[in-house]
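Owing to the predicted nature of the structure, the values given are computational and were not obtained by experimental measurement. First listed ligand is number 1; within each ligand, the first listed atom is number 1.
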Amino acid sequence: MAFRSIEWIEDKGVLRLIDQTRLPDTLVYLDLTDEHAICDAIRDMKVRGAPAIGVAAAYAIVAAAKRSKAESLKDLREDLRAADNSLRASRPTAVNLFWALDRMARVIGAATSMKSLRTSVLAEARAIEAEDVAVNQAISRYAMEVVPQRATFFHHCNTGSLATVDLGTALGVIRTAHESGHEVFAYLDETRPRLQGAKLSAWELMQYGVPHAVIVDGAAPHIMRTKGADLCVVGCDRVAANGDTANKIGTYALALAAKDNGVPFYVCAPTSTIDMTTQTGECIEIETRDEGEITHINAVRVAAKGAGVYNPAFDVTPARLISGIITEFGIAKPPFEDSLMRIMKDKHDGK
Ligand SMILES: CSC[C@H]1O[C@H](OP(=O)(O)O)[C@H](O)[C@@H]1O
C-alpha cells in the first residue's frame, strides 16, 4: 500500500499528515491549516523523523503566510518570524528542522512584495519536499554498494516513509534491497520508550513484504552474537563535523554491540542532517521528553507509581563506532572530518 506521510494540498491550504501516534492500529490523516497545529503535531510526535519534521516545518511557514491578515510586507514578515520562533522551539535535536526554517527565512528575507513572498515560500517548501524524495533514492543507490546479496540487517527506531516524505533513509535501504532482489531479513529494535520500531517500522515492512522480526532493544547484542548479522543501518537527527551522530536513544548501544561483534555499522544521512557547524557530538543538544513516555505504554502504567524517571530521547554514537555515513553524494568513510568536508563541498559545488 502506497502512502505519503506528508502532503500539502494547495487549493485547500491544508497540510495532510499521517498521525503517527495512532499507528499501527489505525491510519488517521490530520488536515492542519495553521502553524500552531503543525507545531503541536511536531512536538507531540504526530509527525516525527528528522526529514519529515523539516518538511512539516517548511509547510507550517506556508500555512502561516496563507493565513496572515497582515497588510504590509513588514507585518507579514513579523507574522512569519513568530511562526518561525515557535517551530524552532518544538524539538531541539533534529537539525533538519532548523535547516528547513533557515531556507524559508532566506526566501522570506529576499521577497520584495507580499504576493512574491507567498509564492516563493510555497516554491521553497515544495523544493525541500522534492529534495527529500530524491535524496532518499540516492542514499539507497549508494547503500547497495555495502549490502550483500543475502543481508541480515539490524535497524533502530523508524527511518522509513513515515520519517521522511517518501522512501526513507535506513529503512528505505532495507526496502530497496528487498525490492531489488536481495534476500533480506531485518531485526527491528522495538525502540523504547516510543516504540517506533515495533509500531512503525514493523508496520512499514509489512506493507512492503519484507521479512523481519521485532526484538527487544536489549536483545540486539545477544541476537547479533548468536544469529549473526551483515550490517546495521540507522538514521540520524544530527551528524557533527567529526562524524559523531545523534540518533534515537539506544543507537549507541547498538553500535557498541556491532563493534563487539565485528558487524559494519552505517548511518544513513541526508546532507540536510549533517551539521558542519557542530564540531563534535558533545555539542549536540539532546532532547529530554515527558516521563510518561516511560511510565506508561498506551496509557497503561507499567512503572511503579512515584518512581523517579529520566527520559533522554536521543544519544550520540561516537564516530569511532561508525563504519560509514551514507549520503546522497556517496558513502563517507573515516576519517569523517575529511570525508564529510568533501561531501559537503560536492553538495555546494552541485556535483
Ligand atoms: C530518517 S531518520 C529519523 C530519525 O528521527 C527519529 O527520531 P524521532 O522518532 O524522535 O523523531 C529517529 O531518531 C530516527 O532515526
Side-chain angles (χ1 to χ4, degrees), residues 5-6 17-21 23 41-57 90-100 131-133 135-140 143 153-176 188-201 203-204 217 232-239 244-255 265-275 281 284-290 293-294 311-317 322 325-328:
S5 61
I6 293 180
L17 298 170
I18 290 177
D19 180 349
Q20 297 187 36
T21 62
L23 287 172
I42 293 171
R43 183 182 298 110
D44 299 340
M45 296 176 67
K46 291 181 178 178
V47 56
R48 40 123 325 263
I53 289 170
V55 173
S90 58
R91 294 189 74 188
T93 304
V95 69
N96 306 62
L97 172 66
F98 308 97
W99 167 82
E131 190 176 308
D132 187 65
V133 175
V135 161
N136 285 190
Q137 289 163 358
I139 286 172
S140 271
F153 292 87
F154 276 74
H155 178 267
H156 196 71
C157 195
N158 173 255
T159 64
S161 302
L162 291 167
T164 64
V165 170
D166 188 18
L167 175 62
T169 59
L171 209 68
V173 168
I174 293 171
R175 175 184 177 185
T176 300
L188 303 175
D189 283 352
E190 63 173 355
T191 314
R192 283 276 291 151
R194 293 291 298 244
L195 300 172
Q196 292 94 325
K199 292 186 173 186
L200 305 180
S201 291
W203 182 80
E204 285 202 45
D217 299 339
C232 297
V233 287
V234 299
C236 54
D237 292 81
R238 193 182 297 246
V239 180
D244 291 349
T245 295
N247 196 49
K248 185 50 47 189
I249 190 76
T251 305
Y252 179 24
L254 185 64
F265 185 89
Y266 288 99
V267 172
C268 297
T271 52
S272 56
T273 318
I274 298 172
D275 176 8
I284 298 175
E285 182 181 351
I286 298 297
E287 178 186 15
T288 53
R289 292 184 64 87
D290 184 82
E293 293 185 349
I294 292 177
N311 184 17
F314 297 94
D315 59 24
V316 173
T317 297
I322 299 172
I325 298 174
I326 307 173
T327 78
E328 69 271 30

* Asked: Would you say His156 has any N or O atom under 3.5 Å from an N or O of ligand 1, going by distance alone?
  -> no

* With a 4.0 Å cut-off on heavy atoms, is Asn158 touching ligand 1? -> yes

* Asked: N/O of Thr169 under 3.5 Å from N/O of ligand 1, yes or no?
  -> no

* Has the side chain of Thr169 got a donor or acceptor atom that lies under 3.5 Å from a matching backbone atom of Gly235? -> no

* Would you say the side-chain atoms of Ser5 pair up with the backbone N or O of Thr164, donor to acceptor, closer than 3.5 Å? -> yes

* **Nearest protein heavy atom with distance in Å, relative to atom 3 (C) of ligand 1** => Ala50 N, 3.5 Å

* So which heavy atom in the protein is nearest atom 11 (O) of ligand 1, and how far is it from that ligand atom? -> Gly49 N, 2.8 Å

* Structure fact -> protein heavy-atom neighbour closest to atom 6 (C) of ligand 1 works out as Arg48 NH2, 3.7 Å

* Under 3.5 Å, N or O to N or O, is Thr159 touching ligand 1 that way? -> no

* To do: Examine distances only and state if a side-chain atom of Gln137 and a backbone atom of Leu167 form a donor-acceptor pair shorter than 3.5 Å.
  => no

* Heavy-atom contacts under 4.0 Å between Val234 and ligand 1: side chain, backbone, both, or neither? -> neither

* **Ligand-residue contact atoms, ligand 1 with Arg91, heavy atoms, under 4.0 Å** => 8 (P), 10 (O), 11 (O)

* **Exam field: side chain Thr159 to backbone Leu171, donor-acceptor pair closer than 3.5 Å** => yes

* Asked: Is the closest side-chain heavy-atom distance between Asp275 and Ile284 below 4.5 Å?
  -> no

* Stepwise side-chain contact (heavy atoms from CB on, under 4.5 Å) check, Thr317 with Phe265 -> CA-CA 10 Å; Thr317 297; Phe265 185 89; 4.3 Å; yes

* Kindly indicate, with the supporting measurements, whether the criterion side-chain contact (heavy atoms from CB on, under 4.5 Å) is fulfilled by Asn311 and Ile249. => CA-CA 9 Å; Asn311 184 17; Ile249 190 76; 5.8 Å; no

* What atoms of ligand 1 come closer than 4.0 angstrom to any heavy atom of Pro51? -> 1 (C)

* Is Cys236 near ligand 1, meaning one of its heavy atoms is under 4.0 Å from it? -> yes

* Asked: Closest non-hydrogen protein atom to atom 15 (O) of ligand 1, residue and atom name please, with distance?
  -> Asn247 OD1, 2.5 Å

* **Lys/Arg-Asp/Glu bridge criterion (N-O < 4.0 Å) met for Arg192, Asp217** => no

* Arg194 touching ligand 1 at heavy-atom level, < 4.0 angstrom -> no

* What's the shortest distance from atom 4 (C) of ligand 1 to any protein heavy atom, and which residue and atom give it? -> Asp237 OD1, 3.5 Å

* Asked: Under 3.5 Å, side chain of Asn136 to main-chain N/O of Gly168, donor-acceptor pair present?
  -> yes

